[in-house]
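Just so you know, ligand 1 is whichever comes first in the structure, and atom 1 is the first atom listed for that ligand.
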Amino acid sequence: MSNEISKQLFERAQQSIPGGVNSPVRAFKSVGGTPLFIKSAKGAYLHDVDGNTYIDYIASWGPMILGHAWEPVVNAIREYAAYSTSYGAPTELEVQMAELIRSMAPGVDLIRMVSSGTEACMSAVRLARGYTGRNKIIKFEGHYHGHADPFLVKAGSGVATFNIQTVPGVTAGVAADTLTAAFNDLEAVRALSVRHRGEIAAIIVEPVAGNMGCILPADGFLQGLRALCDAEGIVLIFDEVMTGFRLAPGGAQERLGIRADLLTYGKVIGGGMPVGAFGGKAEIMRHIAPLGNVYQAGTLSGNPIAMIAGYTMLKELKNNPVIYTQLEEKTKYLRDGLDAALRAWGQPYRINQLGSMISVHFSDHDVTDLATAASADNQRFARWFHALLKRGIYLPPSAFESWFLNNALSKEDLDATIRAAGEALGEI
Ligand code: KE4
């Protein structure tokens, strides 16, 4: 497989764009080599500028749950672009989008659209602080809530991938208000809540973590957070940017049977267009301007093209919940195939999976938090990544990311992936 044109484009891109990419995780920095420059994609397949085709397990980091260039979304964008691409004024599209999300996501009385998951999470935290009058938040090591300053403390995704301990530009003052604990360590959270009683506005958590690989909540952990928040008047924020509308129509709240006070969304709700959202209990959301004084705004929030794209995709997911069963069956089939290949290979490994989120860790112990994810043999993952890439399988270029399945994947694609994975193990 030649990647000559990608190499040339990467050289050229670095003359104008920091690191040649508009988001660090795309740079292949932790796995090495040249990032693929993509020309087009359809269904489960990506086509790069050198004419190579790959089975895609990134799905644009989540949004492409139905596969790339899903006709109804493409057609909706084509139709609505002709009516203008932005007005900066309210539209019926935003109303129907908010109503659709509220009909799918439990406990969302009011919801505000924004343009990214970062915006959704930073707005939710500001709202929790404005609502409670408290300053501090608790987040979990290895969880990633976007690149807003309060979240870049022991964060996951690219921050963990590049092992950035403290992010320059995040002031000591901001970092002092972000308390951290290991995921799944309820006692650590309880201790923080005692030491900072009356100071903690919110606990923000990825209910199923996807930014240090896929890591499930321990039994009782989320229930413990819920009880603690109720007892201490702390706002519980579920960051469902990844899990929302992916694990179930009602996201992790539905899948895990736990209710948060505020929810953040992104990725799938935009159908590939830039969309985020935050919502939840009316009692809290009513503090958001123009109802209340917690200011939050956005020129392109509720953009009509993004709304019709997201609405078209969510409608399909709501009307055909069998999609979730299909996605889970495909993911379990892949998991079982990888498990057999890895067992035959004979070296230590773990596979974490829930719904259509999955990750493989070269580790001889369970991967349950950032420390155990970081202590896996992630250099071996980098070698496996490239051995798979040259066999036409495109995984997230980091051991600190969940894989995302799309429903366009066929059994043949999964079998090809399992076969390639087994062959690739022989090279690492
Ligand atoms: P965005 O601002 O990138 O739309 O969303 C931030 C975000 C918030 N919360 C969770 C749970 C997330 O996973 C994300 C973004 N996820 C990463 C992938 N791990 C986006 C990929 C990238 O940074 O390019």
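At least one heavy atom of K267 sits closer than 4.0 Å to an atom of ligand 1.
Relative orientation of the Y54 and Y394 rings is tilted, given thresholds of 30° and 60° on the angle between their planes. Ring-plane geometry between F221 and F183 is classed as perpendicular, the angle between the planes exceeding 60 degrees on a 0 to 90 degree scale with a lower cut at 30.
Counting the atoms of ligand 1 from 1 in the order shown, those under 4.0 Å from a heavy atom of V25 are 21 (C), 22 (C), 23 (O), 24 (O). In the vicinity of E206, heavy-atom distances shorter than 4.0 Å reach the ligand 1 atoms 11 (C). Below 4.0 Å from some heavy atom of E401 lie the following atoms of ligand 1, by number and element: 18 (C), 19 (N). Heavy-atom proximity to S157, at under 4.0 Å, picks out these atoms of ligand 1: 18 (C), 19 (N). Heavy-atom contacts of S23 reach the following atoms of ligand 1: 22 (C), 23 (O), 24 (O) (cutoff under 4.0 Å).
A salt bridge is defined here as a Lys NZ or Arg NE, NH1 or NH2 lying under 4.0 Å from an Asp or Glu carboxylate O, and R226 with D261 meets this definition. The existence of a salt bridge linking K42 and E71 is confirmed by a sub-4.0 Å separation between a basic side-chain nitrogen and an acidic carboxylate oxygen. Between K332 and D336 there is no salt bridge, since no side-chain nitrogen of the basic residue lies less than 4.0 Å from a carboxylate oxygen of the acidic one.
Using a 4.0 Å cut-off between heavy atoms, H143 makes no contact with ligand 1 at all. Using a 4.0 Å cut-off between heavy atoms, H145 contacts ligand 1 through its backbone alone, with no side-chain atom that close.
In this structure, the protein non-hydrogen atom closest to atom 7 (C) of ligand 1 is G146 N, 3.8 Å. Protein heavy atom in closest approach to atom 9 (N) of ligand 1: D239 OD2, 2.7 Å. For atom 10 (C) of ligand 1, the closest non-hydrogen atom on the protein side is Y144 O, 3.1 Å. For atom 3 (O) of ligand 1, the closest heavy atom belonging to the protein is T118 OG1, 4.6 Å.
Less than 4.0 angstrom separates atom 23 (O) of ligand 1 from at least one non-hydrogen atom of the protein.
Ring pair F28/F385: centre-to-centre distance below 6.0 Å. The six-membered or imidazole ring of F245 lies near that of Y265, with a centre-to-centre distance under 6.0 Å.
Side-chain atoms of N184 come within 3.5 Å of backbone N or O of L216 as a donor-acceptor pair. Counting only distance, with no hydrogens or angles, the side chain of E401 and the backbone of P397 share no donor-acceptor pair below 3.5 Å.
Between atom 13 (O) of ligand 1 and the options N211, T264, V241, the minimum heavy-atom separation is to N211.
For the pair G117 and ligand 1, the shortest N or O to N or O distance falls below 3.5 Å. Below 3.5 Å of separation, one finds no N or O of R26 facing any N or O of ligand 1. Between W61 and ligand 1, not a single N/O pair is under 3.5 Å apart.
For the residue pair K318/S103, the side-chain donor-acceptor check at 3.5 Å is satisfied.
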- Audit row: R335, Q353, side chain to side chain donor-acceptor pair (under 3.5 Å) steps and yes/no: CA-CA 8 Å; R335 182 201 61 195; Q353 176 264 328; 2.7 Å; yes

